[in-house]
Number of protein chains: 2
Amino acid sequence: MANCSVDYEGRLNAHLPPATRLIMVKADGCVAVHADGGAYKPLNWMNAPNYLEDHGDEWVVTNPKGERLTIRFEEILSDVSMEMGEDPGLQKDGVEAHLQVLLADQPGVLEDDLQLIRREYFTDIGPVDLLCSDAAGGTVAVEIKRRGEIDGVEQLARYLERLNLDARLAPVRGIFAAQSITPQAKVLADARGISCVEVDYDELRGAESNTLKLF
Amino acid sequence: MANCSVDYEGRLNAHLPPATRLIMVKADGCVAVHADGGAYKPLNWMNAPNYLEDHGDEWVVTNPKGERLTIRFEEILSDVSMEMGEDPGLQKDGVEAHLQVLLADQPGVLEDDLQLIRREYFTDIGPVDLLCSDAAGGTVAVEIKRRGEIDGVEQLARYLERLNLDARLAPVRGIFAAQSITPQAKVLADARGISCVEVDYDELRGAESNTLKLF
DNA sequence: GACTCTATCTCGGTA
DNA sequence: TACCGAGGTAGAGTC
């Protein structure tokens, strides 16, 4: 912790007047300058890889992209250093990727007799989460979100527009699947002829483990 | 700094096995758990406002949204506290707003004989960055981004749809300007009849200062 | 307070 | 490595 002023020149220019701040240097060399507030984001930082020149009362941190962070120290208030070792890392559960895996295994949850053709089916404007075929042999594009908002409907509409240009697939209809869908998104989906399905993550996971137990 | 394990339950679930980490509590009450690497983002955190229950070897931090962060301490390795006071704040220069100012002054960079009608032209779904008229007297809406991605194209398409409802302006076409534009965004822009222009910030700024020197 | 949009976004995945 | 999309996005500005 120190009284310091900071300048950053790189993707933009930024200046911090002198004040008391916490400066954190991690094992990978990244540097962060924190104020005593404003959530977890530092005021200024320089990610690894970088090179730190220590001129005593001034640090100059540069990186290969030509960005530069300059910290001028006026007074050091506290200086603590510690060896921490590798971190085993964060285990996440319940993000969009998870939902996609579960639905790819159980497309029938979205609609009776829906069959998976492909996960992450690529178009030239991005990947469709699930491409399926329905009971009548028609093609169905599924967009999966954790939270279903208007952007997601737009995204699916774009894919449908694109897929319907492909004579081998057309006509393709859409299903918008999410743990919750906003009323606005439902209205837009309806206007675009897209069906909405709200799925329960815990139920899906439960069904999944039952399947695993059964076979 | 402490050996600790952490659990977060909220928008998703996340678990951190026991390891040595730095825990930062700021004056506003926000809590961040940092590993010794991985840029500035903490492994886990809880923003203000929140409520911290200190049970000695366990902290439980909850917020009004019903999210919960639990830190179990196995061993405290270092404990430093300091009063830091208000921070005067960061001064920035060179973000999208800047690019908009530069292009408003030099719309000719985007297309020959393009003339500015208005910056931040308001529609009922949001402001169009630049509204211009072209050599033929037609109206052109310009959307400016630092990085041109598919969302920006959609944004411009929405504005165009809106502007074309106005008989005094229609027909209006679009130009999507950014320092770099992704291939997907280009494909979509093309499909929507929107032209793409990649602009160089430094060149613009250079041209600007030359103009200032000349006149 | 809700909505919109930017960001030195960060981070993970993949071609 | 570069590019692309998700995020517990966060944060700022506006209505």
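Every chain is numbered from 1 and lettered A, B, ... according to where its sequence line falls, protein lines coming before strand lines.
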Does the side chain of A:Glu67 pick up a donor-acceptor pair with the side chain of A:Asn63 at under 3.5 Å?
yes

For A:Tyr159, answer base if it contacts any base atom (sugar-phosphate contacts may also be present), sugar-phosphate if it contacts only those atoms, and nothing otherwise; contact means non-hydrogen atoms under 4.0 Å.
nothing

Send over the distance from B:Leu43 CG to D:dG7 C1', rounded to a whole Å.
15 Å

Is any side-chain nitrogen or oxygen of A:Arg147 closer than 4.0 Å to OP1 or OP2 of D:dA6?
no

For a quick check of understanding: with a heavy-atom distance under 4.0 Å over all strands, which category does A:Lys65 fall into, base, sugar-phosphate or nothing?
nothing

If the C1' atom of D:dA6 is compared with that of C:dA7, how far apart are they to the nearest Å?
15 Å

So, B:Thr70 versus B:Asp7: side-chain donor-acceptor pair below 3.5 Å or not?
no

State, to 0.1 Å, how close B:Val172 and B:Asn164 come at their nearest heavy-atom pair, and which atoms those are.
N-OD1, 2.7 Å

Among the nucleotides D:dA6, C:dC11, C:dA7, which one has an atom lying closest to any side-chain atom of A:Lys145?
D:dA6

What contact category does A:Gly38 fall into here, base, sugar-phosphate, or nothing, at under 4.0 angstrom with non-hydrogen atoms?
sugar-phosphate

Whether B:Trp45 contacts D:dT9 is assessed here as follows: a side-chain N or O lying under 4.0 Å from the phosphate OP1 or OP2. Is that the case?
no

So which nucleotide from C:dC11, C:dT8, D:dC4 ends up closest to the side chain of B:Lys92?
C:dT8

When all nucleic acid strands are considered with a 4.0 Å heavy-atom cut-off, which category describes A:Asn44: base, sugar-phosphate, or nothing?
base

Atom CG of A:Asp151 and atom P of D:dT9: how far apart are they, to the nearest Å?
13 Å

Return the 5'-most residue of the pair A:Glu96, B:Gln184 with respect to DNA chain D, ranking by each residue's nearest nucleotide.
B:Gln184

5' precedence on DNA chain C between B:Arg158 and A:Glu67 (nearest-nucleotide basis):
B:Arg158

Would you call A:Arg162-A:Asp124 a salt bridge at under 4.0 Å N-O?
yes

Just checking B:Met46: base, sugar-phosphate only, or nothing, at a heavy-atom cut-off of under 4.0 Å?
base

Could you check how far CZ of A:Arg11 sits from P of C:dA7, rounded to whole Å?
12 Å

Nearest-Å distance once atom C1' is located in both C:dT8 and D:dT14
25 Å

Give B:Tyr40 one of three labels, base, sugar-phosphate or nothing, depending on what nucleic acid heavy atoms sit under 4.0 Å from its own.
sugar-phosphate

Considering only atom C1', compute the distance from C:dT6 to D:dG7 and round it to an integer number of Å.
15 Å

Atom-to-atom span, CG of A:Asp87 to P of C:dC11 - whole angstrom
13 Å

For a quick test of reading the model: is some side-chain N or O of A:Arg119 closer than 4.0 Å to OP1 or OP2 of C:dG13?
no

Rounded to whole angstroms, how far apart are CD on A:Gln100 and P on C:dG13?
13 Å

Among D:dG8, D:dG11, D:dC3, the nucleotide that comes nearest once only the side chain of A:Lys41 is considered:
D:dG11

Quick check on DNA chain D: between A:Gly126 and A:Arg146, whose nearest nucleotide comes earlier from the 5' end?
A:Gly126

Could you state the atom-to-atom distance from CD of B:Glu149 to P of D:dG5 in whole Å?
7 Å

Which nucleotide sits closest to the side chain of B:Asn47: D:dG11, C:dC11, C:dT8?
D:dG11

Whether the A:Lys145 and A:Gln179 side chains hold a donor-acceptor pair (N or O, under 3.5 Å, no angle test) is what I'd like checked.
no

For A:Gln155, which contact category applies under a 4.0 Å heavy-atom criterion: base, sugar-phosphate, or nothing?
sugar-phosphate

Quick one: B:Phe122 CZ to C:dC3 C1', roughly how many Å, whole number?
13 Å

Can you label the angle between the A:Trp45 ring and the B:Tyr40 ring as parallel, tilted or perpendicular, going by 30° and 60°?
perpendicular

Contact class for B:Leu99 (heavy atom, under 4.0 Å): base, sugar-phosphate, or nothing?
nothing

Atom pair distance, as rounded to whole Å: CD1 in A:Ile150 and C1' in C:dA2
14 Å

Considering every strand shown, what is the Watson-Crick or G-U wobble mate of D:dG8 when both distances are under 3.5 Å?
none

Of A:Leu114, A:Leu116, A:Leu130, A:Val142, the residue whose pairing with A:Leu103 passes side chain to side chain contact (heavy atoms under 4.5 Å, CB included):
A:Leu130

